[in-house]
Each structure stands twice: as C-alpha cells, then as structure tokens.
Enquirer: 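Sharing a structure, written as structure tokens. Questions coming.
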Amino acid sequence: MRPADAWIDPSQPKARAWVTHGHGDHARSGHGAVLATPETLAIMEVRYGPQRGQPIAYDETIRVGDVEVRFVPAGHVLGSAQIVMEYKGERIVVSGDYKRRPDPTCACFVPVPCDVFVTEATFGLPVFRHPETGSEIDRLLHRLHADPSRCVLVGAYALGKAQRIITELRARGHSEPIYFHGAIERLNQLYESFGVELGELRHTGGATKQEMAGRVVIAPPGALNDRWSRRLPDPVTAMASGWMRIRQRARQRNVELPLVISDHADWDELTMTIRELEPTEVWITHGREEALKHWCMTHQIKACELNLVGYEDEDD
Ligand SMILES: [Zn+2]
Ligand SMILES: [Zn+2]
C-alpha cells in the first residue's frame with residue numbers, strides 16, 4: 001500500500017506490515033511494526049514470540065498518511081480481517097483469506113462494497129462446492145459410534161480448523177472429552193482465552209489406548225501418518241479440508257474418512273461475494289485464478305491476477 005508506506009501480509013520482513021490473519025503464509029516473523037487485530041497479534045506471539053505490534057480492533061478507523069484504514073471480520077479464523085482502505089475517494093478491500101458460512105470460533109465475514117476487491121481463489125473452480133458443515137460432522141460422529149473400540153483421528157490445521165471442528169462437534173451434541181495432539185495445545189488455550197468454549201479436552205500424551213477408544217482425537221495433518229499415531233487405538237483416519245473433495249488427495253494421505261470442511265470460500269461463496277460487493281475491479285491474489293478471472297470478465301467486471309508467491313493453503 002504505497003501511499004501509507006505499508007505492506008499487507010508481506011512474505012519478506014518489512015518495516016511496516018499490516019497482517020490480515022495468523023496463518024503462517026500471511027503472518028511472517030521479523031517485521032518492524034505490525035498492525036493487526038489483538039487476536040492475530042496474540043497468535044503471532046504464540047508462534048514467534050513478542051511482536052512490536054499495534055492492535056487495531058474491528059471497525060476502528062485509523063489514518064496512516066493519506067489513507068484511512070479499517071479492519072473488518074473475514075470469517076476465516078479467530079481475529080481474521082479484511083483490510084478496508086480509503087484513499088482519494090476510492091475504496092479498496094483486501095480480504096486476505098475468507099469464507100461466508102458460519103463458524104462458531106470467529107466473527108462472520110462483513111461485506112463492504114468497494115471499488116477494488118482483492119480476493120483469494122484457493123477453491124476458485126466450479127468443482128469446489130463445500131457441503132453443509134453439520135452433515136460432515138454427523139458423518140464423523142456416525143463413524144465414531146459405529147465402532148467404540150476404535151478412535152477417529154481427525155487431521156485438522158492447528159490454527160483455526162482444529163478449534164472449529166471441536167466447537168462444531170459440541171454444537172452437534174458431542175459432550176465427551178476430545179483428545180488432542182500436543183502441537184495444538186497452545187492454540188486451543190489461546191482460543192479459550194478469547195472466549196471460545198471448547199469443552200473438556202485431554203492431551204493424548206500419557207493416555208492409554210483403552211481411554212481413547214471411542215473418542216475423537218484431533219491432530220495437525222502432518223501427524224496422521226506419523227509414528228505418533230501408533231499410540232492410538234486402531235484409528236479411523238479422517239481429515240478436515242476443502243481439498244478432501246479431491247479423492248486423490250485423500251488417498252495420498254491414507255485418509256479413510258475425508259471431511260470436506262474448509263476455512264476458505266468455495267466457488268459459490270467467491271462469486272456470491274463479488275456479486276454482492278459490486279466492485280469495478282477484482283484483483284486475484286492466490287489459488288486457482290483463471291476460472292474466477294474468466295467469471296468476472298463474463299460479468300463485465302475487470303479482473304487481474306496478482307500472481308503473488310509464497311501463499312500456501314494446501315492443508316486448509
Ligand atoms: Zn489463511
Ligand atoms: Zn492464504
């Protein structure tokens with residue numbers, strides 16, 4: 001953002017960075033000053049240690065140079081924000097990563113009509129249509145109850161997805177203890193400190209196979225086929241990701257129970273959002289840019305690909 005001398009989600013250390021959310025590909029370490037929501041700053045501190053951060057609450061407006069800046073909810077993970085900038089009568093919205101469906105762990109996406117909308121396109125192909133989250137959670141519970149001697153091991157991205165799966169399970173009436181891999185412990189605690197209720201959680205370390213039989217176990221995707229999983233009672237391997245729509249991806253990870261649950265907008269959410277915001281221009285940052293660009297053009301909206309490197313949403 002040149003007139004404000006600031007970078008949004010820079011992949012290299014910068015003197016002044018505005019950060020949309022805490023995922024590692026957007027929030028890097030080593031910046032001078034970081035402007036972000038209090039939740040995102042707290043996530044960065046858990047991951048990288050103390051930050052020279054300036055917290056900005058949702059809907060608070062600040063002025064940087066000639067630019068007015070506001071952060072509004074993006075519905076992606078706890079603290080995730082779209083950055084709304086007004087400069088010389090023009091409004092630009094940088095959405096970072098976002099989704100439109102409800103998520104009990106974070107504030108809902110707020111649509112802000114704008115002149116330029118900068119969007120991701122992780123699932124920017126018409127084949128990507130995520131099913132209802134509740135029906136995916138019901139499939140998980142059905143499988144869990146089908147064989148009480150086994151556990152269901154769910155691979156879920158440590159920031160956001162793991163806590164969302166837990167709260168969605170609670171919302172479907174699952175009140176039993178949920179076991180977790182040590183790698184998500186601090187983020188669970190952080191979510192709870194911001195008021196997200198996760199219910200009774202137990203560390204897998206020290207638990208016996210017998211105790212974990214008939215339970216849900218949540219772990220980062222990298223742990224699914226790891227030695228670590230041998231301590232579990234004959235796990236049914238599940239994975240919660242928008243990529244589970246693609247059978248080959250599920251097979252690559254030996255996933256028996258693919259759950260199509262994503263923190264990114266699917267094709268319908270992307271196109272619905274652009275329709276709703278009515279921008280004159282759309283800039284597409286990362287993902288499957290071509291199809292979305294084509295869709296914009298057929299709807300008389302100017303579109304371009306920014307071809308940004310360094311954003312990876314492979315597990316999301
Ligand atoms: Zn993200
Ligand atoms: Zn991303």
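Just so you know, these numbers use all the heavy atoms, side chains as well, and skip hydrogens, waters and symmetry mates. Order of listing sets the numbers, starting from 1, for every ligand and every atom in it.
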Enquirer: What is the distance from atom NZ of K293 to atom CD1 of I301, rounded to the nearest 0.5 Å?
Expert: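 It comes to 14.0 Å.
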Enquirer: Does the distance from a Lys or Arg side-chain N to an Asp or Glu carboxylate O, for E86 and R63, drop under 4.0 Å?
Expert: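 A salt bridge is absent here (no side-chain N lies under 4.0 Å from a carboxylate O).
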Enquirer: Looking at residues at least two apart in the chain, or sitting in another chain, which of them share a salt bridge (Lys or Arg N to Asp or Glu O under 4.0 Å) with R143?
Expert: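 Salt bridge (Lys or Arg N to Asp or Glu O under 4.0 Å) list for R143, sorted by chain: E256.
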Enquirer: Determine all donor-acceptor pairs shorter than 3.5 Å in which one atom belongs to a side chain in residues 109-116; sequence neighbours excluded.
Expert:
residue: D115; atom: OD2; partner: R91; partner atom: N; Å: 2.7

Enquirer: Using ring centroids (six-membered ring only for Trp), state whether H130 and F123 fall under 6.0 Å.
Expert: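 Judged by ring-centre distance (under 6.0 Å), F123 and H130 do meet the cut-off.
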Enquirer: Taking the Zn ion (ligand 1) as the center, what protein N, O or S atoms are found at less than 2.8 Å?
Expert: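 As for protein N, O or S atoms lying under 2.8 Å from the Zn ion (ligand 1), they are H21 NE2, H23 ND1, H76 NE2, D97 OD2.
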Enquirer: Using the side chain to side chain donor-acceptor pair (under 3.5 Å) rule, collect all pairs that involve residues 181-193, keeping only residues at least two apart or in two chains.
Expert: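 Passing the test, one end in residues 181-193: Q163-N188.
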